[in-house]
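What follows is a short report on a single structure.
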Amino acid sequence: GVLSLGWTSRCLKDQDREYVGFATLPNQVHRKTLKKGFALLSYDILLRYFKDWGESGLGKSTLIKSLFLTDLYKDRKVPSAQERINQTVGIIKHTIGIEEKGIKLRLTIIDTPGFGDAINNTRCWQQVDDYIDQQFEQYFRDESGLNRRNIQDNRVHCCLYFISPFSHGLRPLDVECMKALHEKVNIVPVLAKADSLTRAEVCRKKMKIREQIKQFGINIYQFPECDSDEDEDLKKQDQTLKDSIPFAVIGSNVQMEGKGRRFRGRVYPWGVVEVEDPAHSDFLLLRNMLVRTHMQDLKEVTQETHYENYRAECIHKMTQMVVQDRKLRFSSKDEELRRMQEVLERIQEQMQHSQRGGC
């Protein structure tokens, strides 16, 4: 028994000599993350939509409630006709906490009521543009401060842009708004109220919108490319997401029963529409993309692309201000030296003149 124990110990030592140990790094990160907890995990989604004249909206509140199984609009008051006329684009934030299997998520929905409702919609997206910049500026200040460990990330990670199903593709206002925001936020186009269209109409509108996005040079969120050695199922899933842009979605908060199961749907004279049925809408694709599969990538693109562009621009402006300040200081010193030189020259001329007069 002693000999066997000594042989085992010797084998373990031999293995340790051949084993560096960096392969356990993912386990270390996992344990450390669990120890810290996920209390600061945050996710901000911006809702951007254009309402058709005369209709109440594009169903974004219903869709959000369906996506995250929570009601953000409990106390919503439907504005009157006069209030709609006087309404301007505003920013309304809804923040909720969602917990799932011990992991806490702080979800912030930024709503933009009043967008596209005015007679003159010139630069009606400016307030949203300013809001995104304000969050970048606040994060930049916190990052440059002393207490960098407890930075609260309020940057917008995703913009769900709702497109009307009753228009022939993108409207000029949609194009201008998306082009104004596409360098600052991940835009995910959504075709709202897809149950108002036939399957053929949905396909035609999707194709038309994708053509217009390419035609007008709009940079929407790009799904990361799969590696060549990835699983075939993952490759198919990635291609399905790319082909589904814009996501044709249906929202419903009504629980129904049928065929021995419960589901959310809408009843029409010709049948029942199931929200989570892939044959009826892209609801499941959108929810899985936002939460299950691409949430981290959306946050990383925000950090590494949109925020870094803003940060680089800020540093460039600060550098220019320092250079201009130095130039002004040097020019003022040069001006002062020039004036002193002129004074000395005048004094010398006066002295020479007085000497000539004395002679």
Side-chain angles (χ1 to χ4, degrees), residues 26 29-30 33 41-48 63-64 66-69 98 100-101 103 105 107 155-163 165 169-170 178 181-192 194 197 199-251 274-309:
V29 175
H30 180 68
T33 305
L41 186 62
S42 61
Y43 193 38
D44 288 37
I45 299 178
L46 172 69
L47 302 181
R48 204 76 171 114
L63 177 65
I64 291 300
S66 303
L67 283 171
F68 301 103
L69 303 180
I98 302 175
E100 187 176 297
K101 294 184 180 180
I103 299 176
L105 172 70
L107 174 67
R155 295 171 297 181
V156 181
H157 303 109
C158 178
C159 171
L160 292 182
Y161 194 98
F162 286 69
I163 301 170
L170 297 178
M178 294 171 79
L181 302 178
H182 68 169
E183 298 293 343
K184 300 182 178 183
V185 67
N186 299 310
I187 295 178
V188 176
V190 174
L191 185 60
L197 303 170
R199 189 173 299 179
E201 288 174 334
V202 169
C203 292
R204 285 198 298 268
K205 284 186 181 294
K206 282 190 173 189
M207 190 177 300
K208 176 68 174 178
I209 291 170
R210 285 197 294 265
E211 290 175 356
Q212 289 179 313
I213 287 174
K214 185 177 181 180
Q215 174 187 351
F216 294 109
I218 300 171
N219 299 324
I220 61 173
Y221 171 68
Q222 298 295 321
F223 298 105
E225 295 293 335
C226 291
D227 296 330
S228 57
D229 58 346
E230 291 284 1
D231 186 78
E232 288 298 324
D233 292 338
L234 187 61
K235 291 181 180 179
K236 289 180 181 179
Q237 177 186 356
D238 181 68
Q239 191 59 45
T240 301
L241 285 173
K242 292 177 180 177
D243 295 339
S244 299
I245 294 293
F247 294 101
V249 296
I250 302 169
E274 293 188 36
V275 170
E276 297 175 353
D277 189 343
H280 295 173
S281 79
D282 300 328
F283 175 84
L284 275 183
L285 285 175
L286 177 62
R287 185 173 68 182
N288 291 341
M289 186 276 293
L290 287 176
V291 181
R292 296 184 183 179
T293 59
H294 289 75
M295 176 189 286
Q296 187 59 33
D297 188 68
L298 285 163
K299 292 168 71 72
E300 288 177 0
V301 172
T302 300
Q303 168 68 30
E304 298 171 6
T305 303
H306 302 304
Y307 173 69
E308 283 301 318
N309 290 339

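The structure displayed is predicted, hence computed values, not measured ones.
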Taking all heavy atoms of [X] and all of [Y], pick out the closest pair and write down the distance.
{"X": "V202", "Y": "A248", "result": "CG1-CB, 3.8 Å"}
{"X": "I220", "Y": "M178", "result": "CG2-CE, 4.2 Å"}
{"X": "E308", "Y": "Q303", "result": "CG-O, 3.3 Å"}
{"X": "T302", "Y": "L298", "result": "OG1-O, 2.9 Å"}
{"X": "R210", "Y": "P246", "result": "CG-CD, 4.5 Å"}
{"X": "I245", "Y": "P189", "result": "CG2-CG, 3.8 Å"}

task = Indicate yes or no for a side-chain donor-acceptor contact from D282 to the backbone of V249 under 3.5 Å, with no hydrogens or angles considered.
result = no
query = Does E274 offer a backbone N or O that forms a donor-acceptor pair with the side chain of H280 under 3.5 Å?
reply = yes
ask   = Thinking salt bridges, do E225 and K242 make one under a 4.0 Å N-O criterion?
value = yes
request  = Apply side-chain contact (heavy atoms from CB on, under 4.5 Å) to F247 and L241, showing your working.
outcome  = CA-CA 9 Å; F247 294 101; L241 285 173; 4.0 Å; yes
Roughly how far, to the nearest 0.5 Å, is [atom2] of [Y] from [atom1] of [X]?
{"X": "N309", "Y": "K184", "atom1": "CG", "atom2": "NZ", "value": "11.0 Å"}
{"X": "D238", "Y": "D233", "atom1": "CG", "atom2": "CG", "value": "12.5 Å"}
{"X": "T240", "Y": "N288", "atom1": "OG1", "atom2": "CG", "value": "11.5 Å"}
{"X": "L191", "Y": "L286", "atom1": "CG", "atom2": "CG", "value": "12.0 Å"}
{"X": "C158", "Y": "D297", "atom1": "SG", "atom2": "CG", "value": "11.0 Å"}

Answer whether the closest heavy-atom distance between the side chains of [X] and [Y] falls below 4.5 Å.
{"X": "M289", "Y": "V188", "answer": "yes"}
{"X": "L170", "Y": "Q215", "answer": "no"}
{"X": "E211", "Y": "K214", "answer": "no"}
{"X": "S244", "Y": "K206", "answer": "yes"}
{"X": "H306", "Y": "V301", "answer": "yes"}

inquiry  = For a side-chain contact (heavy atoms from CB on, under 4.5 Å) check, start with the C-alpha distance between Q237 and T293, then their side-chain angles and the critical distance, and finish with the verdict.
reply    = CA-CA 10 Å; Q237 177 186 356; T293 59; 3.5 Å; yes
inquiry  = How about NZ on K235, more than 12 heavy atoms from neighbouring residues, nucleotides or ligands closer than 6.0 Å, or not?
reply    = yes
task = Kindly write out the residues that satisfy ring pair (Phe, Tyr, Trp, His ring centres under 6.0 Å) with F223, not counting sequence neighbours, or none if the list is empty.
result = Y221, H294
